[in-house]
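These figures come from a predicted structure and were not determined experimentally. Each chain gets a letter, A, B and so on, in the order its sequence line appears, and its residues count up from 1.
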There are 2 protein chains.
Amino acid sequence: MNDEGKSPGSSARSNRKDARRNQQALLDAAAAVFVASGVDAPVRDIAAKAGVGVATIYRHFPTRADLVVAVYRHQIDACAEAGPTLLAAGPTPYAALGKWADLFVDFLVTKHGLAAAMQGDSTGFETLHALFLDRLLPVCAHLVEAADASGEIRSGIDAYHLMRGIGNLCVGAETDPRYDARHMVALLIAGLRHPT
Amino acid sequence: MNDEGKSPGSSARSNRKDARRNQQALLDAAAAVFVASGVDAPVRDIAAKAGVGVATIYRHFPTRADLVVAVYRHQIDACAEAGPTLLAAGPTPYAALGKWADLFVDFLVTKHGLAAAMQGDSTGFETLHALFLDRLLPVCAHLVEAADASGEIRSGIDAYHLMRGIGNLCVGAETDPRYDARHMVALLIAGLRHPT
DNA sequence: TGTAAAACGGAACGGAGTTCCGTATCGTTG
DNA sequence: CAACGATACGGAACTCCGTTCCGTTTTACA
């Protein structure tokens with residue numbers, strides 16, 4: 001799908017010293033600016049914080065989504081790896097699914113506007129959406145299948161729908177103290193069970 | 001609640017003929033542009049469609065939210081009035097709540113980007129959020145209370161949370177054919193029931 | 001050390017929201 | 001019916017932001 005051969009995301013590192021240094025500076029700056037102003041902070045702010053020109057951002061991270069995933073890659077990976085772990089540890093697959101959802105929610109809620117950005121509304125965030133999905137959808141699907149096989153949830157639940165739903169429920173959670181995304185996600189997960 | 005005395009939304013009409021005519025032209029134009037390009041369509045597009053200058057928009061509708069609520073006022077009212085009707089008609093309060101949620105979802109999903117705009121992410125849409133809430137939150141609260149009193153749902157459900165949750169689940173529903181907001185909302189409603 | 005490729009920085013471009021100001025229109029009054 | 005003051009109008013102008021372009025600098029390698 002992507003022409004990985006030249007993807008400048010974070011895996012294909014240049015052999016030039018300054019390029020590597022700038023890439024790291026950008027990642028650090030972006031991480032700082034994201035927590036301060038959200039993931040849709042102005043490009044110029046990030047460039048200024050990193051002490052580079054704006055073009056350098058586009059050279060290293062062609063789309064904003066590339067930068068976001070590069071910044072949060074570790075946490076996305078951690079979330080992905082927690083799936084099988086929870087499944088092995090939890091009392092039941094359904095319990096593991098619930099705990100995994102909590103992890104995912106915590107991740108989304110603590111990043112300003114990440115949940116909103118993930119829902120490919122208008123800007124070029126479809127890539128972000130896709131990258132999250134590539135990494136996390138299989139994990140979620142695995143959990144759902146296990147819970148399904150154990151007979152704990154009603155059948156016909158689609159992992160994609162569930163991930164979208166959880167992500168959606170986290171939109172705006174950090175800007176509205178009256179809203180508790182975790183609670184809503186818990187209700188959604190409860191709704192997965194067989195109807196009485 | 002609002003200082004209706006000078007509110008330029010739609011109730012305080014000017015005594016000047018051209019002002020009224022332009023306001024109506026703007027409402028018509030906005031309705032057309034919203035369905036064509038979503039509720040975040042460029043201001044200039046709406047102004048052009050209405051045959052007025054951009055400043056005229058700001059004079060009549062200071063914030064975008066004012067324009068949006070003016071355009072959809074009828075449907076918001078219809079949704080609000082459906083609450084008591086469904087409660088009286090439905091077999092149980094919980095069933096009425098489910099049907100009302102479906103109505104709300106249909107309303108949100110068929111308006112491009114309305115659900116996204118309602119979640120006060122960054123732009124000046126807090127007003128939109130507030131106006132929706134003013135009108136619909138009491139209705140939702142009434143339904144929730146009735147369902148609670150009938151013992152059909154677990155207690156501790158907050159109407160505000162429920163409305164936010166439903167609204168959030170509708171974000172992006174019209175741009176992603178793989179995503180079915182109605183289904184997710186149905187699951188959320190199912191999650192309101194007492195745990196087995 | 002010389003050279004070519006790679007990367008850089010900041011100016012420049014275009015699109016969108018918002019404001020400003022000179023002009024036109026409307027309702028009223030003499 | 002004409003003049004006047006207030007109200008509303010239109011579009012240019014300003015700002016902010018994303019994106020691209022191009023002349024210059026840095027780097028790696030021979």
Rounding to an integer number of Å, can you tell me how far [X] [atom1] sits from [N] [atom2]?
| X | N | atom1 | atom2 | value |
| --- | --- | --- | --- | --- |
| B:Arg20 | D:dT7 | CZ | P | 15 Å |
| A:Asn22 | D:dT27 | CG | C1' | 12 Å |
| B:Ile57 | D:dG11 | CD1 | P | 13 Å |
| B:Asp40 | C:dT18 | CG | P | 12 Å |
| B:Ile46 | C:dA16 | CD1 | P | 12 Å |
| A:His60 | C:dG9 | NE2 | C1' | 12 Å |
| B:Arg21 | D:dC9 | CZ | C1' | 11 Å |

Per [X] side chain, nearest of listed nucleotides [options]:
| X | options | result |
| --- | --- | --- |
| A:Arg59 | C:dT19, C:dC8, D:dT20 | C:dC8 |
| B:Val54 | C:dG10, C:dT19, D:dC9 | C:dT19 |
| A:Tyr58 | D:dT20, D:dC9, D:dG10 | D:dT20 |
| A:Lys17 | C:dG17, D:dA28, C:dG9 | D:dA28 |
| B:Arg16 | D:dA8, C:dA11, D:dA28 | D:dA8 |
| B:Pro42 | D:dT19, D:dG11, C:dG17 | C:dG17 |
| A:Asp18 | D:dG10, D:dT26, D:dG18 | D:dT26 |
| B:Arg44 | C:dC26, C:dT18, D:dC9 | C:dT18 |

* If you measure from the Lys or Arg side-chain nitrogens to the Asp or Glu carboxylate oxygens, is any gap between B:Arg182 and B:Asp102 under 4.0 Å? -> no

* Asked: Salt bridge check: are A:Asp176 and B:Arg164 linked by an N-O gap of less than 4.0 Å?
  -> yes

* Does the ring center of A:His161 lie less than 6.0 Å from the ring center of B:Tyr179? -> yes

* **Donor-acceptor contact below 3.5 Å, side chain A:His194 vs main chain A:Ile153** => yes

* Asked: Just checking A:Ala55: base, sugar-phosphate only, or nothing, at a heavy-atom cut-off of under 4.0 Å?
  -> base

* Could you check whether the rings of A:Phe132 and A:Phe104 sit parallel, tilted or perpendicular, using 30° and 60° as the cut-offs? => tilted

* Structure fact -> Walking DNA chain C from its 5' end, the first of B:Val43 and B:Asn15 to be reached, judged by nearest nucleotide, is B:Val43

